[in-house]
Structures are given as C-alpha cells and as structure tokens.
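Worksheet: one structure, shown below.
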2 protein chains.
Amino acid sequence: MADVFQLLAEPSRRHLLEALRDGERSVGELVDRTRMSQPSVSKQLRILRDSGVVAVRPAGRQHLYSIRGRSLREASEWLSYYERFWQDGLTRMDEVLRREPGRRPRTKA
Amino acid sequence: MADVFQLLAEPSRRHLLEALRDGERSVGELVDRTRMSQPSVSKQLRILRDSGVVAVRPAGRQHLYSIRGRSLREASEWLSYYERFWQDGLTRMDEVLRREPGRRPRTKA
DNA sequence: CGGACATATATCCCTTTAGGCATGGGATAA
DNA sequence: TTATCCCATGCCTAAAGGGATATATGTCCG
C-alpha cells in the first residue's frame with residue numbers, strides 16, 4: 001500500500017476527492033469547489049494522480065479528473081479489520097471482559 | 001472528525017493498531033511487536049489515546065491498551081462513499097462513459 | 001502569428017512532527 | 001527504604017510537506 005492514508009491525511013486532498021464523488025471535474029471546477037488556489041489544486045492533484053487515486057483525461061484545453069477506486073480500496077480493507085470494534089454494540093468493556101485473566105507480563109509472542 | 005486519517009498516516013501508529021487487533025496489550029508487548037523504541041511507542045500511544053482511538057487501563061505497573069472503534073468508524077464511513085468506484089467491476093472507463101457528453105466548461109455548480 | 005485562457009511546475013518559506021536520548025515518576029518486591 | 005521494573009515526558013534535531021507567488025507549457029481563437 002503506497003501509503004494511501006498518507007494521501008488522505010491532508011484535508012485539501014480529501015476535499016478534492018469529495019468534489020470528485022459524483023464524476024469527473026475540470027481543474028477550474030475543483031478550484032471553485034474547494035476554495036483553494038489553482039496551483040495548490042494542481043499540486044495535490046499531481047500527488048493523487050501519481051498514486052493512482054485519480055486519473056486525468058485531456059479535453060480541449062482543460063484536464064478532467066476522476067476517481068480511481070483501486071488505492072482507496074486498500075485503505076477500506078485495512079479498516080475493515082476493525083469493524084468488529086464498533087459493531088454489535090461491542091464496547092471497550094466487552095472487550096476487556098473477553099480477555100483471559102491470567103496475563104503474563106511481557107512475553108515475546 | 002479530529003482527523004483520523006492524520007493518525008493513520010503514520011506507519012508506526014498503524015503498526016500499533018495492528019498489534020492491538022486481537023485484544024489489549026501492555027506497552028512492553030507493543031514494543032516487542034513493533035520493534036520501536038519504548039519512548040516512541042509511548043509517544044504514539046499518547047496521540048492515539050488523546051484522539052480516542054485507543055483506551056488505557058492500569059494493571060499493576062503496566063498499562064494495558066486496547067482499541068476503541070469510535071474514531072476509526074468515521075474514517076471507514078468516509079471511505080464508504082467511494083465503494084462504488086471499485087465495486088461491480090466499475091472501472092474509470094465505465095465512469096467516463098456514464099457522464100453526459102455536453103460538458104459546460106467551468107460552471108459554479 | 002498574437003493574445004487570452006487553462007493548467008502545470010519551480011522555488012521559497014514556514015509549520016508540523018517523528019525519533020533519539022535522557023530523565024522523571026509510579027508501582028512492586030526485597 | 002532501596003532497588004528495580006514499567007512507562008511517560010521534555011528537549012532537541014532533522015526532515016517532510018503544504019501554501020503562496022511567479023513563471024512556464026499548452027491549447028483555442030481571431
């Protein structure tokens with residue numbers, strides 16, 4: 001995983017991805033929707049593009065960006081391991097009570 | 001969302017969360033499992049704790065950490081908006097063809 | 001060709017933050 | 001109490017990364 005979470009850590013990049021949720025957008029449209037400067041938008045789009053999160057398509061003198069799910073899927077799958085921690089009313093207390101009581105301190109495995 | 005993705009961006013913190021997947025662990029156990037220095041582990045655990053991603057429970061002279069799903073759930077829900085981009089064999093091309101052809105350049109909405 | 005428009009890149013500045021080291025502090029055992 | 005184990009914190013340094021401004025590249029039109 002080429003650090004998808006690293007990409008998503010930046011709010012500006014998440015805003016861009018949110019603006020792309022319902023289809024491809026030109027850079028100008030993204031600038032309007034995110035209130036970022038045009039160079040910033042291009043810079044972040046570049047990063048997203050290099051990581052395969054978005055794709056570009058030339059259309060006249062504008063570039064249309066769209067989402068590619070592949071990378072985002074990895075992040076989603078990583079998080080899926082933790083679903084059980086918020087499903088079925090599983091609280092921290094439930095988890096504690098589930099542990100066996102005899103805890104050996106600091107064994108290698 | 002107190003920037004859950006920001007937390008997950010750091011590999012060391014993800015490693016800690018991975019080591020906590022099957023239940024609570026002491027700091028010493030986490031040190032062994034992550035090959036990080038003890039101060040680093042404590043430091044990252046502190047960040048995770050302040051953000052409500054993990055919880056602590058004192059047990060004699062050791063502190064047992066465990067996962068709290070609440071915050072992670074927010075990240076998972078954010079990503080759920082993009083599931084359609086990798087489900088049902090939906091590729092970028094499909095997405096492109098789905099768009100209407102008459103695109104007006106740069107309208108506010 | 002020349003000029004306007006759309007996007008990309010380059011450079012600088014600045015903030016954030018991780019990691020290492022040393023140290024402090026609480027709990028346990030002798 | 002003293003020694004020891006387990007963990008937390010503070011300070012420092014180094015590096016990563018975002019935003020702004022200026023500029024380059026590329027495309028369309030007259």
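As the structure is a computational prediction, the values presented were derived from the model and not from experiment. Chain letters run A, B, ... following the sequence lines, proteins first and then strands; every chain starts at 1. Only this structure's heavy atoms are used, side chains among them; waters, hydrogens and symmetry mates stay out.
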Starting at CG of B:L16 and ending at C1' of D:dA8, how long is that distance when rounded to a whole Å? 15 Å
side-chain hydrogen bond (donor to acceptor under 3.5 Å, both in side chains), that's the test. Do A:Q44 and A:S40 meet it? Break it down for me. CA-CA 6 Å; A:Q44 303 307 327; A:S40 289; 5.9 Å; no
Atom-to-atom span, CG of A:L7 to P of D:dA16 - whole angstrom: 16 Å
Side chain A:S80, main chain A:E77, donor-acceptor under 3.5 Å: yes
Would you say the side-chain atoms of A:R13 pair up with the backbone N or O of A:Q6, donor to acceptor, closer than 3.5 Å? yes
Residues touching DNA chain D, which here means a heavy atom under 4.0 Å, drawn from residues 37-47 of chain A: A:S37, A:P39, A:S40, A:K43, A:Q44, A:I47
Is A:R61 close enough to D:dC29 that one of its side-chain N or O atoms is under 4.0 Å from OP1 or OP2 there? no
Return the value, rounded to whole Å, for the distance between atom CD of B:Q62 and atom C1' of C:dG25. 17 Å
Strictly distance-based, threshold 3.5 Å: is any side-chain N or O of B:Y82 a donor or acceptor partner for the main-chain N or O of A:E18? yes
Whole-Å distance, A:E10 CD to C:dT16 P, equals 12 Å
According to a strict under-4.0 Å criterion, is A:Q6 in side-chain N/O contact with OP1 or OP2 of D:dG17? yes
If you assign each of A:R13 and B:Y65 to its closest nucleotide in DNA chain D, which residue comes earlier from the 5' end? B:Y65
Side-chain donor/acceptor of A:R49 to backbone N/O of A:V54, under 3.5 Å: no
Send over the distance from B:R25 CZ to D:dC6 P, rounded to a whole Å. 16 Å
Quick one: is D:dA8 close enough that its OP1 or OP2 comes under 4.0 Å of any side-chain N or O from B:H63? yes
Which atoms form the tightest heavy-atom contact between B:G52 and B:R68, and what is the distance? O-CB, 3.5 Å
Rounding to a whole Å, what distance do you find between A:R35:CZ and D:dG19:P? 16 Å
Spacing between B:M36 atom CE and C:dT17 atom P, to the nearest angstrom: 16 Å
CG/B:L7 to CG/B:L17 distance, rounded to the nearest 0.5 angstrom? 8.5 Å
